[in-house]
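Worth knowing before you read on, the calculation uses all heavy atoms, side chains too, and leaves out hydrogens, waters and symmetry mates.
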Amino acid sequence: MISDERMEKALHYLVDTDESTADAFAYMKKLEDNKKTVLGKVFVQSVGTVADRTAIAAVSSEYAEYLEQMEDAWADYKLLENKRATERIVIDVYRTISANQRNG
């Protein structure tokens, strides 16, 4: 059984994480948009054929660092989203139990 206190905790968590979830999503999208910029900066500083320069950019430390930031941003965002989904389930179960108690 889900108590009133647990349901309220779930509701407060959702309210309290609205902004941080939006911020995490925005940061993740910003990083996604910067992919070509990160690769391009290394590409233009490299020498060789287009294929060589593309390969150099793809294995550069700058791009590896970018990929790590992207992975961390995705993980942070998904963790918030997963926790929020769990709290929504708690609220839904609470509502179902409450409705069943009223009807039965």
Side-chain angles (χ1 to χ4, degrees):
M1 180 104 158
I2 296 175
S3 67
D4 292 344
E5 292 80 23
R6 178 62 181 98
M7 188 279 304
E8 287 178 18
K9 181 180 175 186
L11 188 58
H12 284 290
Y13 180 81
L14 290 174
V15 170
D16 293 343
T17 59
D18 281 343
E19 188 172 340
S20 59
T21 303
D23 290 343
F25 182 76
Y27 181 62
M28 181 190 64
K29 291 307 245 178
K30 176 184 171 186
L31 286 174
E32 281 180 351
D33 291 344
N34 287 339
K35 180 179 181 177
K36 289 182 181 179
T37 303
V38 171
L39 286 170
K41 283 181 182 179
V42 177
F43 180 89
V44 299
Q45 295 172 354
S46 303
V47 292
T49 66
V50 171
D52 291 340
R53 294 164 72 185
T54 301
I56 290 168
V59 298
S60 68
S61 60
E62 293 91 340
Y63 188 61
E65 183 179 315
Y66 160 80
L67 290 176
E68 190 172 316
Q69 287 177 335
M70 258 317 287
E71 185 178 324
D72 291 346
W74 268 102
D76 292 345
Y77 173 69
K78 286 308 292 178
L79 179 61
L80 282 167
E81 275 299 298
N82 290 344
K83 286 182 176 181
R84 289 173 60 85
T86 299
E87 298 307 310
R88 285 186 200 102
I89 291 169
V90 167
I91 292 169
D92 288 344
V93 170
Y94 175 86
R95 288 193 322 219
T96 300
I97 290 169
S98 296
N100 288 342
Q101 287 175 343
R102 284 191 301 271
N103 293 331

To the nearest 0.5 Å, what is the distance between NZ (K29) and CG (N34)? 12.5 Å
With sequence neighbours left out, write down each residue that passes salt bridge (Lys or Arg N to Asp or Glu O under 4.0 Å) with E62, or none if nothing qualifies. none
What heavy-atom pair brings V44 and R53 nearest, and what distance separates the two atoms? CA-NH2, 3.6 Å
Honestly curious: do L79 and M70 fall in one hydrophobic cluster under the side-chain, below-4.5 Å linking rule? no
Under 4.5 Å between any side-chain heavy atoms of F43 and I56, yes or no? no
Output for pair (W74 CH2, F25 CZ), nearest 0.5 Å, gives 7.5 Å
With distance as the sole test, does Y66 use its side chain to make a donor-acceptor pair with the main-chain N or O of L31 at under 3.5 Å? yes
Point-to-point distance, once rounded to the nearest 0.5 Å, from CD of E81 to OG1 of T86: 10.5 Å
Any side-chain heavy atom of R84 sitting closer than 4.5 Å to one from T17? yes
To the closest 0.5 Å, what do you measure between CD1 (I91) and OG1 (T96)? 12.0 Å
Is it true that the side chains of D52 and T49 contain a donor and an acceptor less than 3.5 Å apart? yes
Taking every heavy atom of L80 against every heavy atom of S20, the minimum-distance pair comes out as CD1-O, 3.7 Å
What closest approach, in Å, do V90 and I2 show between heavy atoms, and which atom pair accounts for it? O-CD1, 3.6 Å
Say whether M7 and L14 are linked into one hydrophobic cluster, either directly or through other cluster members, by side-chain heavy-atom distances under 4.5 angstrom. yes
Shortest non-hydrogen pair, V42 vs A57, comes out as CG1-CA, 3.5 Å
Check: R95 main-chain N/O paired with S98 side-chain donor or acceptor under 3.5 Å: no
Spacing of OH belonging to Y63 relative to NZ belonging to K41, to within rounding of 0.5 Å: 14.5 Å
Side chain proximity check, E65 to E68, heavy atoms < 4.5 angstrom: no
With a 4.5 Å heavy-atom cut-off, do V93 and I89 have their side chains touching? yes
What's the spacing between L11 CG and D16 CG if we round to 0.5 Å? 9.5 Å
If I compare all heavy atoms of M1 with all of Q101, which pair ends up nearest, and what's the gap? CE-NE2, 2.7 Å
